[in-house]
Amino acid sequence: MPQRKVTRVEERIKKLRDQINFHNYRYYVLDAPVISDFEYDRLYRELKSLEAEHPELVTADSPTQRVGGEPLDKFRKVSHPGPILSLGNANSAEEVRAWFDRIARLDRRVASASFVVEPKLDGLTVVLHYEKGIFVLGATRGDGDTGEDITANLKTVKSLPLRVPVEPGGPQSPDRLVVRGEALILRAQFEQMNRRLEQNGEKTFVNPRNAAAGALRQLDPSITARRPISLRCYAIVDASGGVPKRQSAVIEYLRDLGLPVPEHTSMHRTLDQAVLEAERWASRREELPYEADGMVIKLDDLELAESLGAVGRDPRGAIAFKFAAQEVTTRLVDIGVNVGRTGVITPYAILEPVEVGGVTVRQATLHNFDFVREKDIRVGDRVLIKRAGEVIPYVIGPVREARTGAEAPYSLPTKCPSCGERLEKLAQEVAVYCLNAACPAQLVRNLEHFAGRGSMDIEGLGIKVAELLVAQGLVTDVADVYSLRKEDFLQLEGFAEKRAENLLAAIERSKSQSLARLVNALGIRGVGEVTAGDLARRFGGLGALSKAAVGDLTGVEGIGPNIAESIVDWLGRGRNRSLLGKLRRADVWPTMSTDQEDAAPQKLAGRTFVLTGTLAGMTREVATELIEKFGGKVTGSVSKKTDYVVAGESPGSKLAKARELGIQVLDEAGLRRVLAGRGR
DNA sequence: GATCCTCGAGTTCG
DNA sequence: CTCGAGGATC
């Protein structure tokens, strides 16, 4: 080979690679890009075309080589330079202190040691090899001694630098540097990915961990490249030169080399402070950008940690303070069915009781029968239960690997569990219905709804009492509550003088509820609080409403042909006409004058509010009332049309959405200012 | 006709 | 809170 001089093309290629690597780092590691996506694309395309013209200049660390190479037959085995250890677990602060006492007895220096606390990332452990600063090999953890070579897949991970240091001028990497990291998918990206998969009718992933692990074990790297894998590095496994001897310095050193490191690591002078920090995160785990199953407490002094040795695979110098599990498996004992107030039949899971996120779960909804069929959930299965930030636990799906073969596919119920009527599946609907208008289960749910908070608000009439009243035959439709007498209640289980009197008084009070609430209370399909309010304003009374035709109803905002049809259908049924008659005779017949509500100046007219979180000085109901009093509107979800989002304590996803859409966020004081007409 | 928005309905444990 | 579906809007 004749000696070549460095050509202009070569220089340009090198410059482009440096720039692209730098911008990758800004974008994927620091999350702070300095150029637009458009400019980035331009650089990338230029490099790509130069490399196409000069294939001899393509190198392994070129950013264009992230996706490349042919699918593999299988992964090559790789020996790790040292054992990739796991971690001992502690499930409580006491267990952490016990760990500390044990190691303090082994070495007196522990007593005055500092600790680093970092999230215990729930992803796939990877081992990354850099030779002379170039990424040459990436492996899975495997059994801790030997892993699999997944270099091609890891190269598609954008936050993994193909060369370190990324920026010149920082610390230099030793000739050989092997780091330990975690490949994972950020929560936000996981959700985005699943939404996209769902839209395309593809199978979604159960959780970020499985998705990440699955993606990295693909033999075809182009599949991996389509998954939004991220990386966090937190330890040095091996190095040929001097590297920091303290964990806190290691993190900083890795960060300075341009490697992504975990967010929210912290240093503590005492164990107590470290434990406090770990406990603090236990209740705020949702704020971490990725899933973590605990916090790791490590001795900052790595030489001291090393000298303590290990118990089996668990090094003594660190411990994982586990969060209460938010994802567990348990046995599906049976599938039960509920009857809703509209007659919809919904399945629910009866589970072997299991702790999830600090509470014992025995039951969980299965949404609808399509869900059961799609996930192929069978009685006897082990199922994965999740109870994330929300309170409500739900079944994610069966663990197919744990099947014994005895589990039979679930078949739809054919009869109503309450009245035995044949169930019908209406055309074009997911739901299965019990169409028996006199079905006792439906009546119970109807009565519960009628007495509920957004309806007639009868205190003391919940589902238990509703069940008793229906079972005793004291109530055959919701209007019957107004003809109940004290003696009726006294024959019910758990009722004595006082309770009967209280309930009767509550029923009496409910007679003066507004027309809007009464319309809502009737439980007409498709008519809820909002629509009931619209109907009340439009018709002013039940008399006028019951004479309405489809054409009159579709004139009301928010009511289209379907709901109009549903209302007319409800009004036309004999039992409902008799129900209305009973209400009238009981003098439960409110009216609403059209101009009654316009007392306050309508200064918020046309403005839409969304409430999230808990307000300190007022309940959400009060806030809603106030906003509506001034002509404003309160809706449940944030959209472009939302004017204000009012955020209280521990707000939900709506706050994030508001930020995303650039909608003004008010705190409680801000809401008061707006209500008072000051500021905006 | 497609997309965006809003409403309704169902939901668990302590 | 989240989903699905009905309704409104472009």
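Letters A, B, ... are given to chains in the order of the sequence lines, protein chains preceding strands, and every chain is numbered from 1. What you see is a predicted model; the values in this text were computed from it and never measured.
Contact annotation: A/Arg525 side-chain N/O to C/dA5 OP1/OP2 distance is not under 4.0 Å. Not one side-chain nitrogen or oxygen of A/Thr635 sits closer than 4.0 Å to the OP1 or OP2 atom of B/dC5. Between B/dA9 and A/Arg341, a contact under 4.0 Å exists linking OP1 or OP2 to a side-chain N or O. The phosphate of B/dG8 has neither OP1 nor OP2 within less than 4.0 Å of any side-chain N or O from A/Asn520. Checking the phosphate oxygens (OP1, OP2) of B/dT12, no side-chain nitrogen or oxygen of A/Thr365 falls inside 4.0 Å. A/Thr342 has a side-chain polar atom (N or O) that falls below the 4.0 Å cut-off from OP1 or OP2 of B/dG10. Under 4.0 angstrom from either OP1 or OP2 of B/dC13 there lies no side-chain N or O belonging to A/Thr360. Distances shorter than 4.0 Å separate none of the side-chain N or O atoms of A/Asn562 from OP1 or OP2 on C/dA5.
Atom C1' of nucleotide B/dT6 and atom CD of A/Glu529 are separated by 14 Å, given to the nearest angstrom. Taking atom CD1 on A/Ile663 and atom C1' on B/dC5, their separation rounds to 12 Å, with Å as the unit. Across the protein-nucleic acid pair, A/Ile396 atom CD1 and C/dC3 atom P stand 13 Å apart, rounded to whole Å. Straight-line distance from the NZ atom of A/Lys375 to the P atom of C/dC3: 11 Å, rounded to whole Å. Rounded to an integer number of Å, the gap from A/Asn338 CG to B/dT12 C1' is 12 Å. For A/Tyr433 and C/dG4, the OH to C1' distance is 11 Å, given to the nearest whole Å. In this structure, the CG atom of A/Asn446 is 13 Å from the C1' atom of B/dA9, given to the nearest Å. In this structure, CG of A/Asp534 is placed 13 Å from P of B/dT6, rounded to the nearest angstrom.
Salt bridge annotation for A/Arg341-A/Glu448: absent, with no cationic side-chain nitrogen under 4.0 angstrom from a carboxylate oxygen. Taking a cutoff of 4.0 Å between a charged side-chain nitrogen and a carboxylate oxygen, A/Asp477 and A/Arg575 do not qualify as a salt bridge. Ion pairing between a basic and an acidic side chain is recognised when a charged N comes within 4.0 Å of a carboxylate O; A/Arg378 and A/Asp381 show no such pairing.
With a 6.0 Å radius and a threshold of 12 heavy atoms from other residues, nucleotides or ligands, A/Arg280 has its CZ atom above the threshold.
A/Val646 pairs with exactly one of A/Asp667, A/Val665, A/Thr612, A/Leu611 by the side chain to side chain contact (heavy atoms under 4.5 Å, CB included) rule, that one being A/Leu611.
Distance from the side chain of A/Arg362 is smallest for B/dC13 among the nucleotides B/dC13, B/dC7, C/dG6. Set against B/dG10, B/dC7, B/dC5, the side chain of A/Ser639 has B/dC5 as its closest nucleotide. Listed candidates were B/dG10, C/dC1, C/dG7. Nearest to the side chain of A/Thr612 is C/dC1.
A cation-pi arrangement is present between A/Arg499 and A/Phe495 under the rule of less than 6.0 angstrom and at most 45 degrees off the ring axis.
You'll find the side chain of A/Tyr348 stays beyond 4.5 Å of the side chain of A/Ile335, heavy atoms only. Using a 4.5 Å heavy-atom threshold, the side chains of A/Val527 and A/Leu535 count as touching.
Contact check of residues 459-468 of chain A against DNA chain B (heavy atom, cut-off under 4.0 Å) returns no residues at all.
Mapping A/Gly343 and A/Gln363 onto DNA chain B via the closest heavy atom, the residue that lands nearer the 5' end is A/Gly343. Two residues, A/Arg445 and A/Val638, neighbour DNA chain B, and the one matched to the more 5' nucleotide by heavy-atom proximity is A/Val638.
Donor-acceptor pairing under 3.5 Å is lacking for the side chains of A/Thr608 and A/Tyr644.
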Let me check something: any side-chain donor-acceptor pairs from residues 452-472 of chain A under 3.5 Å, sequence neighbours excluded? List them with distances.
residue	atom	partner	partner atom	Å
A/Ser455	OG	A/His449	O	2.9

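The heavy-atom pair separating A/Asn520 from A/Ala532 by the smallest distance is N-CB, 3.5 Å.
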Could I get a table of every N or O pair under 3.5 Å where one atom is in the protein and the other is in nucleotides 8-10 of chain C?
residue	atom	partner	partner atom	Å
C/dA8	OP1	A/Gly558	N	2.9

